[in-house]
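Have a look at the structure below before the remarks.
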Protein chains: 2
Amino acid sequence: MATIHDVAERAGVSVTTVSRVLNNRGYISESTRSKVYQCMEELGYQPNEIARSLLKKQSNIIGLIVPNVSHPFFGELASFVEYYAYEHGFKMLLCNSHLDPVKEKEYIEMMRRNRVDGIIMGSHTLEVEDYRNLHHPIVTFDRQIDSEIPYMSSDNYRGGELATELLVKKDCKKIAHICGNLELDLLANQRTQAFQDVVSRHEVEHLIVQTDMNVFDQQQYERIIAELFREHPDIDGVFATSDIIAAYVVQHCYKLGKRVPHDIRIVGYDDVSAASWVVPSITTIQQPIEEMSKQAIELIRGQLAEETIRMANILPVTLIERGTT
Amino acid sequence: MATIHDVAERAGVSVTTVSRVLNNRGYISESTRSKVYQCMEELGYQPNEIARSLLKKQSNIIGLIVPNVSHPFFGELASFVEYYAYEHGFKMLLCNSHLDPVKEKEYIEMMRRNRVDGIIMGSHTLEVEDYRNLHHPIVTFDRQIDSEIPYMSSDNYRGGELATELLVKKDCKKIAHICGNLELDLLANQRTQAFQDVVSRHEVEHLIVQTDMNVFDQQQYERIIAELFREHPDIDGVFATSDIIAAYVVQHCYKLGKRVPHDIRIVGYDDVSAASWVVPSITTIQQPIEEMSKQAIELIRGQLAEETIRMANILPVTLIERGTT
DNA sequence: TTTGACATGTCAATCGTTTGACATATACAT
DNA sequence: ATGTATATGTCAAACGATTGACATGTCAAA
């Protein structure tokens, strides 16, 4: 591939001049400028960003680690993160940890080796210590590490409250809550806390089921849900911690001949686009995914500019009532 | 961040020795080796991949350009591409073109500036010429450019045939086909060709509706579908070119009080995971997304190794019968 | 005593670009 | 004639690593 030297030679000017054209510095006559551009065109020249990165000590890359982009929530997240990253001249390196601690650690090290400008962590299987020793601009999604690391989240407690209160208000007598793995130290666990608080306050019969560490494992969802209904056929309300799980519950109810929302009411979480196009459409707690993504990028930019940034970044959630309640 | 010099100094050895440890070259005693490793640990040293890339003239990055990762099909694709890329020591740079030719071109140039080892194109708004002048390892998804550029695809014609034949066999009298924008030169258009061939052969009443250039624009889907059923309330079969569109059709039928599959039968395409968890589950044509992703990486690797590779890579599709037929 | 394997060091070039310091030259205004 | 803005050139260092050539040891086997 052509280098700046080739361009200089072809244009009959010095490398410095080409560099000046490229970076708009110093005096350049219109005639040389256009001659240089023309030669670049002819050679198909593109400046080597690797060399630039080395010199400038910044790669303009932001790394995003999520459990899996094929999960709708993280797919939408990744899409917005990429969008806002690009708006600010960053590229996005994407990694799927599959919630495997080994992979997650390797990915973080890989990103440090590649000198990414910032890391956005949406997967959390590691210890607090591992994050502290990073010394790298970072933003965590949905996890609070300590007072040094900024995190981006939405109001999980309020979300759990809204969802549970809706089910209680709709007169559900026995409510199940399907949550993620509580061993992972996620802010999403506050949804479960809220659930417990609300059902206790109203003295409603309830139970809690955890999923395993595997993200988006369909068979697991089906197994857990089948078991839940086998043991508790009288459940008339479900608060699931994702729209996808909620959809599986809907499907299982359909198989059992339970009518939604007549016999059983279901609330999901996230408001991924799928929630609106399934039948019946899913009542859910909307997380402001776009705004969270945008602010995550801003938090990285703030760190790069060495500004003081807010550590706790919690956005409000909204209850979206649809067909399942 | 620590450099190889810092490590050398701390370990009391030369930079060359550290490099030898790092790259397992030449003679190194066990004692120095461990001392060097220990110093790296203490300094939190990670070798600068940017410097390495510059010297080795390869970045170990593969670029993936798709319309939008938030679309389930591309989300699953991206997930597998990343998985197999990582297995071979590559990182993945992800870009969402939103089917905007300007963005797509900018992304390609960005990737060339960053000297990615290969580009996987899943978005196609550009002209054949733009690809030819690339001089970069590349694989296209679902588009044949010329005899020089390898492409990865599945058997779209067969898929269209299977879908349409199923609807005909199930005795549909008036079948609608909702396809993507036919102005984009995609192999997916063969589905439409197959549709036309099959309905003509069986002399079944039919019609074809195109979507706009926007990927995954919910409102557009709803508008098109509503219009379709307003003008043709007697449709009793729909072959949609994606499972998501099929899901929207299901939803619309539900609103109209049409029973699926009793009054109308619907076939989707792709077999994204959503197809199996909506109610009713969607009959669809399965594309082997994982295998396609895996082979796309292999095609890039083949080009990097300067092997001769197959240009046409077409995998078989499978009809998955579910609840909508 | 010689030989050769092992262990490490020094030195310099290389990858492609940027940038500062400095030199030179033209053109035009004062 | 002098000064100043404009335009370009030369040169070298820097970014962080790799690598080949070559030197200089030590140590043990033949």
Side-chain angles (χ1 to χ4, degrees), chain A residues 1-40 43-61 89 109-117 136, chain B residues 1-40 43-61 89 109-117 136:
Chain A
M1 203 151 173
T3 72
I4 198 172
H5 289 92
D6 303 325
V7 176
E9 194 173 355
R10 174 176 263 254
V13 299
S14 72
V15 169
T16 305
T17 302
V18 178
S19 178
R20 284 202 262 252
V21 170
L22 227 35
N23 299 286
N24 274 316
R25 287 168 15 97
Y27 296 115
I28 290 289
S29 70
E30 251 335 295
S31 63
T32 31
R33 183 189 301 275
S34 59
K35 198 196 321 161
V36 167
Y37 274 128
Q38 193 196 321
C39 293
M40 288 181 178
L43 292 171
Y45 171 76
Q46 293 284 355
N48 187 328
E49 281 295 332
I50 296 179
R52 279 210 232 226
S53 298
L54 182 58
L55 190 65
K56 300 292 195 62
K57 289 164 166 299
Q58 55 163 312
S59 58
N60 292 311
I61 296 179
E109 284 176 358
M110 179 273 276
M111 289 190 174
R112 296 186 68 224
R113 280 197 304 278
N114 285 278
R115 302 296 190 266
V116 299
D117 290 347
H136 221 97
Chain B
M1 203 150 169
T3 71
I4 197 171
H5 289 92
D6 303 327
V7 176
E9 195 174 355
R10 175 175 261 254
V13 297
S14 73
V15 169
T16 306
T17 302
V18 178
S19 178
R20 284 202 262 251
V21 171
L22 227 36
N23 299 286
N24 274 316
R25 287 169 17 95
Y27 297 115
I28 290 289
S29 69
E30 251 334 296
S31 63
T32 29
R33 184 190 301 274
S34 59
K35 200 201 312 167
V36 167
Y37 274 128
Q38 191 195 321
C39 293
M40 288 181 180
L43 292 170
Y45 171 76
Q46 292 286 354
N48 187 329
E49 281 295 331
I50 296 179
R52 279 212 235 228
S53 297
L54 183 59
L55 189 65
K56 301 292 194 64
K57 289 165 166 299
Q58 55 164 308
S59 58
N60 292 312
I61 296 179
E109 285 176 357
M110 179 273 275
M111 289 190 175
R112 296 187 68 225
R113 281 199 303 277
N114 285 277
R115 302 297 189 266
V116 298
D117 290 347
H136 221 97

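Chain A is the first sequence line, chain B the second, and so forth, proteins listed ahead of strands; every chain is numbered from 1.
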Next item on the list: Not counting sequence neighbours, which residues clear side-chain contact (heavy atoms from CB on, under 4.5 Å) with A:Arg10? List them please.
Entry: A:Cys39, A:Glu42, A:Leu43

Checklist line | side-chain contact (heavy atoms from CB on, under 4.5 Å) partners of A:Glu49, counting only residues at least two apart | finding: A:Arg52, B:Arg113, B:Asn114

Item checked: Which atom of A:Ser59 lies closest to which atom of A:Asp117, heavy atoms considered -> N-OD1, 3.2 Å

Detail all sub-3.5 Å separations between protein N/O atoms and N/O atoms belonging to nucleotides 23-28 of chain D.
none

Tabulate atom names and distances for all N/O pairs under 3.5 angstrom spanning the protein and nucleotides 27-30 of chain C.
none

Margin query: What's B:Thr32 touching, base or sugar-phosphate or nothing? Going by heavy atoms closer than 4.0 Å.
Written below: sugar-phosphate

Check: A:Tyr27 OH to C:dA25 P: how many Å, rounded?
Finding: 19 Å

Check: Rounded to the nearest 0.5 Å, how far does CG of B:Asn48 lie from CD1 of B:Ile4?
Finding: 10.5 Å

Next item on the list: Round to the nearest Å and state the distance from B:Asn114 atom CG to C:dG16 atom C1'.
Entry: 13 Å

Notebook entry, point to check: Among all residues two or more places apart in sequence or in another chain, which pass the salt bridge (Lys or Arg N to Asp or Glu O under 4.0 Å) test with B:Arg25?
Noted result: none

Checklist line | Set of side-chain contact (heavy atoms from CB on, under 4.5 Å) partners for A:Ser29, sequence neighbours left out | finding: A:Ser31, A:Thr32

Check: What is the distance, rounded to the nearest whole Å, between atom CG of A:Asn60 and atom P of C:dT18?
Finding: 13 Å

Item checked: Nucleotide-resolved protein contact map, nucleotides 15-21 of chain D, B/S/- at heavy-atom distance under 4.0 Å -> BBBBBS-

Margin query: A:Glu9: which residues meet the side-chain contact (heavy atoms from CB on, under 4.5 Å) condition with it, sequence neighbours left out?
Written below: none

Note to self: Just to be sure I understand: a Watson-Crick pair is purine N1 to pyrimidine N3 plus N6-O4 or O6-N4, both under 3.5 Å. Using that and G-U wobbles, which stems of three or more pairs involve DNA chain D?
What the structure shows: C:1-30 with D:1-30

Item checked: Length of the CD1-P vector between A:Ile28 and C:dT18, whole Å -> 13 Å

Next item on the list: Output all residues satisfying side chain to side chain donor-acceptor pair (under 3.5 Å) with A:Thr16, sequence neighbours left out; order by chain, then residue number.
Entry: none

Next item on the list: Output all residues satisfying side chain to side chain donor-acceptor pair (under 3.5 Å) with A:Ser53, sequence neighbours left out; order by chain, then residue number.
Entry: none

